[in-house]
Amino acid sequence: MAAAHWLSQLNPSQYEAVTYGDGPLLVVAGAGTGKTKTLACRVAHLVERGVRPDRILLLTFTRRAAAEMLDRAAKLTTQSTLTKVWGGTFHAVANRLLRLYARAVGLTEGFTVIDEEDAADILNLIRTELGFGKKDRRFPRKATLAKIYSHTVNAEKPLSEVVERHFPWCRGDLEALGEIFGRYARRKRASNVVDYDDLLLLWRLLCTQPGVGERVGERFDHVLVDEYQDTNAIQAQILVGMRQRCKNIMAVGDDAQSIYSFRAATIRNILDFPERFLGTHVVTLEENYRSTQPILAASNTVMSYARERYTKELRSQRPSEQKPVLLTCVDEAQQSRLVCHHVLEHRERGLQLMQQAVLFRAGHHSAQLEVELASRNIPFRKYGGLRFVEAAHIKDLVAFLRVLENPHDELSWFRVLQLLEGIGPAAARRIIRQLGVHRMQPEGEGEAADEVAGEASPLQRLLRDPPKVPPAAAAGFAALRQALGDCAGLGRSEDTAAARGTGMSVAAQLERIRQFYQPVFERLYENAPARLRDIEQLQAMAVRYRSRQRFITDLTLDPPNSTADLAAAPYLDEDYLILSTIHSAKGMEWNVVHIIHAADGMIPSDMATGSDEQIEEERRLFYVAMTRAKDMLYVYFPLRYYHHRFGLSDAHTYAQLTRFLPADARACFEPRFEKSDADADQGELTARVSVDEFLDQLWKR
DNA sequence: CATTTATAAATTTTT
DNA sequence: TTTATAAATG
């Protein structure tokens, strides 16, 4: 309760960071050194010192991280106003600020945010219009186009350089890429949408606007940034822009845990911080409270091979006899069985499943394990897999909401219209043109952006003066107009103001849309019942929102995880095992950690072995995974991999142990070699294993 | 012009 | 598994 109470629990370095006065502060915090605690305490301390919570900006890597930190801070201080702290990701905060200052950067109010998939769809639209891909050679996939675009923007490097370096297999298409990207920017403006990258670019622009720029920065007395090693050049510039006058900024990061260079994050940010913010005070946190000494010894050994030596030397505060375990398995199937075995073993000894995590390099690496877990009725929750909003039927529904919110959103119209039987790309395009969805002519080469004639919004036009449609689509089209009309509050002039808020609730709109959508949905998708559950989940989420705009923005900026946030919500008190990509595991910790697929080609991913820099990042990734463990670490290495990625075949190759575990690193482990049947010694296990192997025989012969 | 079917190919990590 | 194109049919 009393301030002295929690301040006295900090070590000297933490205390120094938490109580540091005004001016720039850089905290270099090794894994498990109480980084989250330090940030949370800093927030609490500032508030206790009299700083207004709504004048604190806390930038984190995920929304969850911000929520956790504020939660912790709230428990420390008697102030109950911590919800007013501006906490969230750069992107979410950018969105919030741009809603306030849209005009200053040339945005129209009511803009909507698109995610990377939407961006890819728009790029694809442009590509087909331009007729690329009709050549002999294969054109990059739309998802690749989006990645190249985003990386180029975020790294602020010439396209040619980015392609050469990160997408060398696309170097032949450089010209086409440039053409497409140029049109893409105009297309977004015409649709009144912004993508993830725009959010950052516009925030940076906002900071430099005369008059407004300073005011934006002056909203905040303190800016705190977490995971600074994973920010990119633009984000660093935003911070400079936000701290033109008031220099209170605290950045926390660990150069040894930088794992997001594919998103153009750069270690330069953390290294150059003292030069960007003159007078920076640097605090280093080196005492690790998380992992036992043997786990830390292994992690430090792995890291000692990093090409650049890091200055920190982490010291564990927790002695232990138990070394981490390195398990050599026969194949993936055995790996899965062993993970289950160890997980259950720990649970029997009283450790909750939630205190254990299985970590892997790529989302699909857990596929086999998921099957095994399901067959044994071990509940789990997966982070970093497929997203809920990526399902086609969810995107359909959201597209309706987006059209209502932003009638200029071409892509959403395109999607909605094609749901009607008898309307394909060509008809949809024509209708979009007739409705005047584009705010300006996107194809016009000149800068002159003539507004499409008419005061009426495309939505009004749809209701009052509908375009002709093919006879086959007539009935469906009428029903669509009815549904959209109901949601928009037909009758009144449903200009943006009325379309927002006043009429039906978000949930009611969604319900109305669903009435229209149900038959369409049953016609289009195979396993409708399973998908129906998703729709119900979406509706359940919508109930919590009063603003449609907030709802769709949250869905794009903080997308729920398909197997996690939604499915598990009703059973929140239940226990479940955590599965996570290493990237998504950033900042987390568990008592027991299982790292699977510790084979070369998996970690490091064989798609990331092109350059030394990439390999160094993969090493850091492995290091991040290892340092998530508090008490016990298992590393699994399957010897044999089958090649049936897209079908069944018995072709297999033998893998090598990950190159990040050379002899001296291996010496930090307790080695175990599992023979094919050695794990069948447990009574309960025997039956299932033998059945599995019986089944395996059927296919592999 | 829309839809269905067939065929071939494919680069990890996330806001 | 999904995604992109071509060919066939309404």
Side-chain angles (χ1 to χ4, degrees), chain A residues 59-65 88-95 113-117 119-121 124 127-128 132-144 146-147 150-151 154 166-170 195-200 227 230-232 234-235 258-265 359-365 367 383-387 389-390 392 418 420-430 469-473 523-524 553-554 556-559 561 580-586 597 601-610 614 617-618 620-621 624-625 644-647:
Chain A
L59 291 162
T60 54
F61 202 73
T62 62
R63 173 177 298 200
R64 196 174 61 209
T89 61
F90 273 85
H91 295 86
V93 170
N95 169 66
V113 182
I114 61 171
D115 65 19
E116 197 170 286
E117 278 213 347
D121 286 339
N124 198 37
R127 185 192 63 171
T128 42
F132 291 121
K134 299 253 175 199
K135 291 186 211 138
D136 34 325
R137 242 170 1 89
R138 231 182 150 73
F139 203 72
R141 306 172 54 198
K142 60 179 183 178
T144 312
K147 282 184 173 64
S150 182
H151 198 279
N154 282 294
H166 301 279
F167 306 89
W169 66 94
C170 302
D195 62 21
Y196 287 152
D197 307 325
D198 290 331
L199 287 171
L200 299 183
E227 309 284 7
D230 284 324
T231 54
N232 64 35
I234 296 172
Q235 289 167 318
S258 156
I259 53 176
Y260 274 86
S261 73
F262 71 93
R263 248 170 66 182
L359 306 183
F360 35 87
R361 173 65 175 83
H364 65 263
H365 285 177
Y383 290 123
L386 257 186
R387 298 272 171 69
V389 283
E390 283 168 12
Q418 285 184 96
L420 300 174
E421 199 157 21
I423 296 188
R429 251 180 249 277
R430 183 180 53 78
V469 296
R523 172 173 59 87
L524 285 177
T553 306
D554 277 7
T556 41
L557 289 182
D558 185 30
N561 196 282
S580 175
T581 60
I582 301 173
H583 283 91
S584 293
K586 189 161 88 137
H597 291 299
M602 312 300 261
I603 310 180
S605 164
D606 48 15
M607 270 151 274
T609 49
Q614 285 178 313
E617 178 148 322
E618 297 284 307
R620 293 193 292 269
L621 207 45
V624 166
H644 48 65
R645 266 190 304 192
F646 306 116

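Chain identifiers are assigned alphabetically (A, B, ...) following the order of the sequence lines, protein sequences preceding nucleic acid strands; residue numbering begins at 1 within each chain. Just so we're clear, the structure is a prediction, and the values are computed from it rather than from any experiment.
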- [ ] Would you give the length of the straight line joining atom CG of A:D558 to atom OG1 of A:T553, rounded to the nearest 0.5 angstrom?
- [x]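 The distance works out to 11.5 Å.
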Open item on the list: Let me confirm one number: the CG-CG distance from A:N154 to A:D197, rounded to the nearest 0.5 Å.
Closed with: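 Here the interatomic distance stands at 4.5 Å.
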Spacing between [X] atom [atom1] and [N] atom [atom2], to the nearest angstrom:
X: A:E390; N: B:dT14; atom1: CD; atom2: C1'; result: 10 Å
X: A:R620; N: B:dT12; atom1: CZ; atom2: C1'; result: 16 Å
X: A:D554; N: B:dT15; atom1: CG; atom2: P; result: 14 Å
X: A:D195; N: B:dT14; atom1: CG; atom2: P; result: 19 Å
X: A:R127; N: C:dT5; atom1: CZ; atom2: P; result: 5 Å
X: A:K142; N: C:dA4; atom1: NZ; atom2: P; result: 5 Å
X: A:H364; N: B:dA10; atom1: NE2; atom2: P; result: 16 Å
X: A:N154; N: B:dT14; atom1: CG; atom2: C1'; result: 11 Å

Open item on the list: So, under a plain 3.5 Å distance rule, would you say the side chain of A:R141 forms a donor-acceptor pair with the base of C:dT3?
Closed with: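 Answer no: no donor N or O sits under 3.5 Å from an acceptor.
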- [ ] Examine A:K147 relative to A:F167 and say whether NZ or CZ is less than 6.0 Å from the centre of the six-membered ring and inside a 45° cone about the ring axis.
- [x]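 Checked: cation-pi criterion not met.
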- [ ] Mark yes or no: A:R263 above the aromatic ring of A:Y196, with NZ or CZ under 6.0 Å from the six-membered ring centre and no more than 45 degrees from the axis.
- [x]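 The answer is no; the distance or angle limit is not met.
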- [ ] Answer yes or no: is there a side-chain heavy-atom contact under 4.5 Å between A:V93 and A:L59?
- [x]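 Side-chain contact under 4.5 Å: yes.
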Over all strands shown, is [X] touching base, sugar-phosphate only, or nothing at heavy-atom distances under 4.0 angstrom?
X: A:S605; result: base
X: A:K586; result: nothing
X: A:Y260; result: sugar-phosphate
X: A:F61; result: sugar-phosphate

Task: Nucleotide-level pairing of DNA chain B, given in dot-bracket where Watson-Crick and G-U pairs need both distances under 3.5 Å and | marks other strands - done: ||||||||||.....
TODO: Name all residues meeting the side chain to side chain donor-acceptor pair (under 3.5 Å) criterion together with A:E117; count only those two or more places apart in sequence or in a different chain, and write none if there are none.
DONE: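 A:K395.
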Output a table of nitrogen or oxygen pairs between the protein and nucleotides 1-3 of chain B separated by less than 3.5 Å.
residue, atom, partner, partner atom, Å
B:dA2, OP1, A:G424, N, 3.2
B:dA2, OP1, A:A427, N, 2.7
B:dA2, OP2, A:A426, N, 3.2
B:dT3, OP1, A:G422, N, 2.6
B:dT3, OP2, A:I423, O, 3.4

Task: Other residues, nucleotides, ligands: >12 heavy atoms within 6.0 Å of A:Q418 CD - done: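 More than 12 within 6.0 Å, yes.
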TODO: Please determine, for the side chain of A:H91, which listed nucleotide (B:dT12, B:dT15, C:dT5) has the closest atom?
DONE: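 Nucleotide nearest to A:H91's side chain: B:dT15.
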- [ ] Give a yes/no on whether any side-chain N or O of A:T556 is located under 4.0 angstrom from OP1 or OP2 of B:dT15.
- [x]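 Looking at the OP1 and OP2 atoms of B:dT15, neither is under 4.0 Å from any side-chain N or O of A:T556.
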Task: Side-chain N or O of A:S584 closer than 4.0 Å to phosphate OP1/OP2 of B:dT14 - done: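 True: A:S584 side-chain N/O within range (under 4.0 Å) of B:dT14 OP1/OP2.
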Open item on the list: For A:H597 together with A:F360, are the ring centres under 6.0 Å from each other?
Closed with: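 No, ring centres 6.0 Å or more apart.
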Open item on the list: Parallel, tilted or perpendicular, judged at 30° and 60°: which one describes the rings of A:Y260 and A:H583?
Closed with: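 If you compare the ring of A:Y260 with that of A:H583, the planes turn out perpendicular.
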TODO: Please indicate yes or no: is the ring centre of A:F262 less than 5.5 Å from the centre of the six-membered base ring of B:dT14, with the two planes inclined by under 30 degrees?
DONE: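 No.
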TODO: Specify the residue among A:S150 and A:R361 whose closest nucleotide of DNA chain B lies further upstream toward the 5′ end.
DONE: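 Residue closer to the 5' terminus by nearest nucleotide: A:R361.
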TODO: Report the C-alpha separation of A:D554 and A:R63 in whole Å, then their side-chain angles, then the decisive distance to 0.1 Å, and conclude whether the side-chain contact (heavy atoms from CB on, under 4.5 Å) test is met.
DONE: CA-CA 10 Å; A:D554 277 7; A:R63 173 177 298 200; 3.5 Å; yes
